[in-house]
Amino acid sequence: MTGHIRDRRSTAEPSLRIIDGRVIDPANGVDAVTDVFVRDGRIAGVGQPPEDFRAVRTIDASGRLVIPGVVDAWARLREPGETHKANIASETRAAVTAGVTRLACPPDTRPVIDSTAVIKLVQERAEAAALARVHPIGALTRELEGSQLSPVAALREAGCIALGQAGRPVTDTRVLRYAMEYAASQDMRIVLQPSDPWLAEGCAHEGPVASRLGLPAIPAAAETTALAHTLALVEATGVRVHFTNLSAGRSVEMIERARDRGLPVSASVSAHQLFLTEMDIDAFDADCHVLPPLRSERDRNLLRQGVADGIIEGIQSDHQPHEADAKLAPFPATEPGIAGLETLLPLTLKLADEGVLDLATAVAAITCGPARTLGLEAGTLTTGASADLCIVDPDAYWTFEREHMHSRGRNTPFHGWSFEHRVSHTFIDGQLVFEHAPGDP
Amino acid sequence: MAVKFVRPKRVRLARDNWNIQLDEQGRLRHLVDVQGLPPQLITQILDTAESFVSVTDRSIKKVPLLRGRTVFNLFFEPSTRTRTTFELAEKRLSADVMNLNVATSATTKGESLLDTLRNLEAMQADLFVVRHADSGAAHFIASQVAPHISVVNAGDGRYAHPTQALLDLFTIRHFKQDFTRLRVAIVGDVLHSRVARSQIHALNSVNTGEVRVVAPPTLLPAAVERMGVHVYPDLESGIRDADVIIMLRLQKERMRGALLPSEGEYFQRFGLTPERLALARPDAIVMHPGPVNRGVEIASAVADGPQSVILDQVSFGIAVRMAVLSMCLNRGESQ
């Protein structure tokens with residue numbers, strides 16, 4: 001057991017002062033060693049305390065970073081329907097140990113998130129767990145089958161923040177166009193993972209490694225053709241589309257051009273795409289079986305540059321916890337996905353250690369960046385905002401180990417990786433929900 | 001100021017190690033692919049096979065090397081020729097042989113691959129010969145079996161068919177001796193071919209002069225040249241001055257996709273006819289892993305002609321498989 005986890009229902013201190021930390025709040029342009037004041041679950045001020053503020057508790061954050069709570073824009077919780085893999089309670093618990101205070105879950109649960117009943121179930125389970133907040137993304141089409149529109153207005157009213165297909169295709173272009181038009185009329189944004197269903201039949205990047213291993217290959221064009229096709233429809237319908245889980249370097253340039261033309265599009269990438277490449281699947285490592293597949297080093301570098309340039313606004317976990325059996329098969333027969341929730345923050349801040357990003361950009365990519373692309377008011381330390389924040393030890397120097405993961409899924413290719421940054425405290429609504437105990441693994 | 005540690009290199013785990021095929025003494029434990037086999041071990045396999053060729057020529061074609069050992073032929077995908085030659089090899093080594101066509105039994109009842117393996121391990125198996133439709137299946141099985149069990153890959157997906165590649169090496173060595181001066185052309189559907197992938201590794205391991213692949217682009221994997229081959233887009237230039245021509249089987253189902261316009265057009269452009277064979281060296285040999293599609297990739301006049309060594313490949317295949325099986329199972333004893 002690592003540290004102490006308490007749910008949000010436990011009694012909060014009415015006021016809290018976090019002193020002497022390096023406060024990084026990219027949305028407000030703050031990067032300074034200063035104090036953060038919290039009262040009644042909200043940020044009461046940064047730097048200057050509000051009038052008549054009396055801290056009941058003071059936490060010394062000297063030598064540490066104080067950042068907004070991490071917003072993970074794409075994490076599967078496996079509930080309802082696949083609770084043999086994980087559940088909302090287990091994954092929201094794992095989330096807070098890694099600084100994640102909010103996450104958005106894609107609609108490919110069973111049943112699919114295409115009705116108010118399923119949304120209510122997800123919300124109630126998340127509320128019962130009372131740890132990280134959960135924002136469901138609704139299905140764009142019923143059953144994600146790509147033929148009939150889901151009840152968009154009802155989903156919005158029930159609390160869906162966006163609509164998506166969770167990687168499943170809408171092969172009928174006419175359906176996609178109507179869905180986009182309708183969503184636009186309801187002021188709903190759409191989250192799509194661009195992938196041409198025919199070109200994407202395979203399990204590895206079309207390149208030298210898949211060629212050598214004889215694995216059915218997915219060319220980068222599987223992503224870029226779908227992206228071009230969808231961008232043309234964005235232009236025609238005016239709907240806001242967020243492209244998630246980009247994998248091809250060429251996509252960055254296409255997003256940049258679309259944004260220059262004023263299209264309402266944004267993009268994000270999963271953390272593993274910024275570190276791993278096709279080389280990592282060598283020797284048939286099923287933990288590196290992901291979709292879209294790990295691509296070339298050049299793609300990885302272009303994606304990194306895209307984040308540094310602000311074209312890719314968010315980095316997400318693309319969390320997909322699996323039971324052990326899901327990865328115990330010949331590579332093409334294994335289920336794709338990485339349990340990435342707990343490596344999101346360490347990997348993203350490692351990009352700062354490696355000089356790929358400055359620290360503020362790295363923090364923005366997991367806080368205000370994804371919040372903005374999903375239309376959430378979160379990921380900032382703005383006065384009056386919910387006091388969701390975390391304290392990070394920048395010199396923790398620790399080794400990530402499968403055995404110590406909190407997620408039910410232990411499917412990670414990052415076992416044995418060393419990180420410098422580690423979350424020491426996580427607060428939601430001003431309540432300390434996680435505290436890393438010194439000496440624990 | 002806290003002390004900053006130097007970040008160590010990423011930890012590489014045991015699974016990254018291709019030497020799953022070798023035991024601690026560097027002897028052959030599993031045969032998953034030719035890739036990763038030291039060249040001297042390849043030579044040892046070929047030399048051992050040489051000694052078995054004489055056994056197969058005797059009237060009593062049996063040696064007691066694997067007496068009391070149990071070999072399971074696990075075929076998750078149908079096969080006639082490979083299974084038969086493996087079975088013959090096993091029987092000539094006096095092993096107890098069990099054939100399981102898993103494609104039609106356990107897995108259709110929902111049993112997982114691992115459960116099937118655990119059950120067979122419990123029956124005191126010594127060696128699994130495995131064929132499977134998924135690339136990497138043999139590697140996966142070899143990584144999962146109990147320590148005393150060996151695994152020989154009889155073809156997995158598009159990845160590898162190492163005994164085929166070794167018998168091809170044996171055949172080439174038999175007819176041509178020195179690999180370093182040879183030009184070898186592999187013609188046809190390299191994309192879907194586990195045979196071609198293993199042949200390329202095998203030929204490069206023994207320093208073959210030039211390995212060529214000859215195919216239309218739709219039948220070549222991406223960046224195939226990175227595997228150490230020269231790409232020829234047409235048959236005429238591809239087999240010019242070649243010493244060895246290996247024709248690959250073109251699966252009929254490839255014709256139904258969009259990879260090729262028709263069988264007729266394929267034969268016209270890539271079919272090996274006597275006229276085209278004349279472009280190769282006069283003493284060139286023609287090989288084919290079988291089964292042959294006459295009139296699709298090769299004309300009957302070539303398949304049955306004087307330069308064809310297709311049937312020699314089949315005979316040598318038994319000796320090569322005997323060598324691999326006996327080396328995997330008799331590691332403790334002298335060969």
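Sequence lines set the chain letters: A, B, ... in the order given, protein chains first and strands last, and positions in each chain run from 1. Just so you know, these numbers come straight off a predicted model, no measurement behind them. Computed from heavy atoms alone, side chains included, the values below leave out hydrogens, waters and symmetry copies.
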**Request:** Can you see which heavy atom on A:E206 is nearest to which on B:A222, and at what distance?
**Result:**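 Closest approach of A:E206 to B:A222: CG-CB, 3.5 Å.
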**Prompt:** So which of A:A286, A:C203, A:P216 has the biggest tally of heavy-atom pairs under 4.5 Å with chain B?
**Reply:**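 Greatest number of close heavy-atom pairs with chain B: A:P216.
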Portion of [X] that has a non-hydrogen atom of chain A nearer than 4.5 angstrom:
X      : value
B:H192 : neither
B:R226 : side chain
B:E225 : neither

**Item:** Enclosure of B:H230 NE2 (heavy-atom neighbours >12, cutoff 6.0 Å)
**Value:**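 No.
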**Message:** Within the supplied structure, the quantity of interest is the number of heavy atoms (other residues, nucleotides, ligands) at a distance under 6.0 Å from A:R250 CZ; does it exceed 12?
**Reply:**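 Atom CZ in A:R250 is not packed in, count stays at 12 or less.
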**Prompt:** Is there a side-chain contact between A:P330 and B:D156 (heavy atoms, below 4.5 Å)?
**Reply:**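 No. Closest side-chain heavy atoms not under 4.5 Å.
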**Asked** Any side-chain heavy atom of A:L213 sitting closer than 4.5 Å to one from B:S135?
**Response**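 No, too far: nothing below the 4.5 Å cut-off.
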**Message:** Set out, in order, the CA-CA distance, both residues' side-chain angles and the distance that settles side chain to side chain contact (heavy atoms under 4.5 Å, CB included) for B:V224 and A:S211, then state yes or no.
**Reply:** CA-CA 7 Å; B:V224 66; A:S211 291; 5.8 Å; no
**Message:** Checking A:D60 now: which residues fulfil salt bridge (Lys or Arg N to Asp or Glu O under 4.0 Å) with it, not counting sequence neighbours?
**Reply:**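 Expected list: none.
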**Between CG on residue B:D115 and CG on residue A:D325, distance to nearest 0.5 Å** =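 Spacing of CG (B:D115) from CG (A:D325) equals 8.0 Å.
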**A:R212 side, atom CZ; B:I200 side, atom CD1 - distance, nearest 0.5 Å** =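 Answer rounded to 0.5 Å: 12.0 Å.
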**Prompt:** Which residues in residues 292-300 of chain A have a heavy atom less than 4.5 Å from any heavy atom of chain B?
**Reply:**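 So far as heavy atoms go, nothing in residues 292-300 of chain A approaches chain B to under 4.5 Å.
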**Request:** Measure up the B:H139 and A:F284 rings against each other and bin them: parallel (under 30°), tilted (30 to 60°), perpendicular (over 60°).
**Result:**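 Judged by the thresholds at 30° and 60°, the geometry between B:H139 and A:F284 is tilted.
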**Item:** Winner by heavy-atom pair count (cut-off under 4.5 Å) against chain A, out of B:A138, B:A223, B:G136
**Value:**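 The option with the most such pairs is B:G136.
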**Asked** Does the side chain to side chain contact (heavy atoms under 4.5 Å, CB included) test come out yes or no for A:L215 and B:Y159, once each step is laid out?
**Response** CA-CA 7 Å; A:L215 293 172; B:Y159 173 55; over 6 Å; no
**Item:** Set of side-chain contact (heavy atoms from CB on, under 4.5 Å) partners for B:A122, sequence neighbours left out
**Value:**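 If we apply the side-chain contact (heavy atoms from CB on, under 4.5 Å) test to B:A122, skipping adjacent residues, there are no hits.
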**Message:** Test of understanding: with side-chain contact (heavy atoms from CB on, under 4.5 Å), list the residues that count as partners of B:A202, not counting sequence neighbours.
**Reply:**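 Once residues adjacent in sequence are excluded, the partners of B:A202 under the side-chain contact (heavy atoms from CB on, under 4.5 Å) criterion are B:V34, B:A165, B:L169.
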